[in-house]
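If you read the sequence from its start, that first residue is 1, and numbering goes on from there.
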Amino acid sequence: MNTYFIKTEVDRIFYSEYLEERMPSKIFDAHVHINLKSHVEGVTPERIKTDWALECGIVLPCEDAYACAEELYPGVEYKIAGMPWPIKEADLKANNEYLSQKKSEGKLTPFMSLAPDWDIEETEEFLVNGGFIGFKPYPDMVSGKKGADISIFDFITREQLKLLDKYKRALMLHLPRKERLADPDNVRELMEIREKYPEIKIVIAHFGRAFCPYYLEKGLEMMSGAEGFYFDTTGVINPAVYRLAFEKIPVDKILYGSDMPIFFWHGKRKWTERDYFNLCREDFSWNKHLESPEEEAKYTFFLYEQMKSILDTADEIGFTDREKDKIFYDNLYNLVNNI
């Protein structure tokens with residue numbers, strides 16, 4: 001029995017009306033957090049309530065992730081690039097070992113999460129022998145806050161970057177700082193990584209945390225374009241972000257990501273120029289139920305809202321089925337197979 005979400009008649013109707021006939025036949029999901037409950041037993045309830053995303057879900061074993069994907073997107077061939085929950089209090093090494101085991105079983109492509117103070121020789125050995133595609137560092141491992149005002153090099157060291165460069169691996173990067181991709185220091189550090197470690201495949205998660213188009217537009221302007229970087233769609237639902245991304249970023253460099261298990265809830269988003277607001281049916285502590293129960297009853301899965309935004313915008317831009325397949329499957333498949 002599925003314990004992660006409840007699929008309602010509203011969800012079935014939404015999927016049938018807006019998604020089913022347009023779904024890709026294959027998805028290679030670039031951004032799924034895979035772990036066991038034992039890996040996060042040290043994360044207290046008080047800590048979880050400091051971050052709305054943590055409260056939405058921090059446990060998802062590999063087999064459960066595939067079962068959820070099959071229920072959400074029936075008939076779609078689904079592959080997963082998995083990563084730990086990079087929370088400061090979590091058992092990150094055990095989580096990495098679990099992912100490595102699932103890699104050996106042929107069940108997923110794993111990213112390795114790490115802390116900047118880890119022994120470099122042990123890190124190198126585990127990167128290579130564990131079958132990891134690359135690293136997924138995280139600001140939380142240093143600051144206890146995912147959007148902390150710290151340098152990228154505070155949570156992924158230059159020594160660790162040299163390892164990725166040496167083995168031509170990937171870096172899945174969640175940007176720090178309040179201004180996200182629009183922060184000049186973030187852009188400067190991204191360009192430095194690209195220049196000094198040219199063999200790294202750099203994946204900028206969440207379009208650079210650009211949940212509103214302002215951050216993506218400003219960031220791409222400072223970067224003089226998207227050359228040399230990949231971007232994943234994780235956590236982004238705003239159609240205006242997708243329109244900007246599909247117009248400004250080469251389609252070969254965009255990777256679909258779901259961020260499971262965070263977005264199993266029913267809801268939608270509203271936006272200002274720089275901020276977003278989650279509206280939600282489920283009773284999380286952060287949910288203020290700003291709309292009536294009658295309106296909340298109409299909500300579908302956040303993941304369905306994201307998928308609709310991607311497909312609607314791709315159709316409006318005039319993407320071919322071949323271009324859509326690149327976003328949903330081929331780009332990540334090629335990235336993995338070139339490592």
Locate the shortest heavy-atom distance separating [X] from [Y]; write the atom from each residue and the value.
X	Y	answer
Gly257	Thr233	N-OG1, 3.0 Å
Leu255	Leu332	CD2-N, 3.6 Å
Leu164	Gly134	CD2-CA, 4.0 Å
Thr109	Val336	CG2-CG2, 4.0 Å

Electrostatic pair [X]:[Y] at N-O distance under 4.0 angstrom:
X	Y	result
Asp252	Lys326	yes
Asp183	Lys218	no
Arg12	Glu20	no
Glu227	Lys253	no
Glu291	Lys298	no
Glu247	Arg243	yes
Glu305	Lys308	no
Lys166	Glu199	no
Arg47	Glu89	yes
Lys107	Glu105	yes
Asp315	Lys324	yes
Asp185	Arg188	yes
Asp165	Lys201	no

Looking just at side-chain N and O atoms, do [X] and [Y] make a donor-acceptor pair shorter than 3.5 Å?
X	Y	value
His33	Asp259	yes
Tyr98	Asn35	no
Asp11	Tyr304	no
Asp91	His39	no
Glu124	Tyr167	yes
Glu77	Ser25	no

In this structure, are over 12 heavy atoms from other groups packed under 6.0 Å from Ile339 atom CD1?
->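 It does: Ile339 CD1 has more than 12 such atoms within range.
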Count the heavy atoms belonging to other residues, nucleotides or ligands that lie under 6.0 Å from NZ of Lys162, then report whether that count exceeds 12.
->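 Counting other residues, nucleotides and ligands, NZ of Lys162 stays at 12 neighbours or fewer.
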Can Tyr138 and Lys88 be said to form a side chain to side chain contact (heavy atoms under 4.5 Å, CB included), step by step?
-> CA-CA 9 Å; Tyr138 204 60; Lys88 200 171 184 180; over 6 Å; no
Tyr73 vs Tyr15 aromatic rings, parallel, tilted or perpendicular, using cut-offs 30° and 60°?
->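 Tilted, since the angle between the ring planes falls between 30° and 60°.
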[atom1]/[X] to [atom2]/[Y] distance, rounded to the nearest 0.5 angstrom?
X	Y	atom1	atom2	answer
Asp275	Phe277	CG	CZ	5.0 Å
Arg180	Leu216	CZ	CG	12.5 Å
Cys212	Glu217	SG	CD	12.5 Å
Phe207	Lys248	CZ	NZ	14.5 Å
Thr234	His174	OG1	NE2	11.0 Å
Met307	Leu311	CE	CG	6.0 Å

So is Arg281 actually on top of Tyr299's ring, under 6.0 Å and inside 45° of the axis?
->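 So Arg281 doesn't make the cation-pi contact.
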Stacked cation flag Arg269 on Phe211, 6.0 angstrom / 45 deg =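 Yes, Arg269 sits over the ring of Phe211.
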[X] ring center near [Y] ring center (under 6.0 Å):
X	Y	value
Phe246	Phe319	yes
His266	Phe302	no
Phe301	Phe263	no
Phe126	Phe132	yes
Tyr333	Phe28	no

What residue among Thr123, Ile200, Leu161 forms side chain to side chain contact (heavy atoms under 4.5 Å, CB included) with Phe135?
->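 With Phe135 as partner, Thr123, Ile200, Leu161 yield a single side chain to side chain contact (heavy atoms under 4.5 Å, CB included), made by Thr123.
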Test log, rule side chain to side chain contact (heavy atoms under 4.5 Å, CB included), inputs Arg177 and Ile150 | CA-CA 6 Å; Arg177 301 182 171 112; Ile150 60 176; over 6 Å; no
Side-chain heavy atoms of Leu220 within contact of Ile249, under 4.5 Å |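 When only atoms from C-beta onward are counted, Ile249 and Leu220 do touch, with a gap below 4.5 Å.
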Residue pair Leu181 / Leu190, side-chain heavy-atom distance below 4.5 Å |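 Side chain of Leu181 against side chain of Leu190, heavy atoms only: contact under 4.5 Å found.
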Residues Arg209, Tyr215; criterion side chain to side chain contact (heavy atoms under 4.5 Å, CB included); working and verdict | CA-CA 8 Å; Arg209 294 177 57 229; Tyr215 300 103; over 6 Å; no
Begin with the C-alpha distance, continue with both residues' side-chain angles, and end with the deciding distance and a verdict on side chain to side chain contact (heavy atoms under 4.5 Å, CB included) for Ile27 and Tyr329.
-> CA-CA 5 Å; Ile27 290 177; Tyr329 189 92; 5.7 Å; no
Stepwise side chain to side chain donor-acceptor pair (under 3.5 Å) test for Tyr256 and Asp29 = CA-CA 6 Å; Tyr256 169 77; Asp29 193 332; 4.7 Å; no
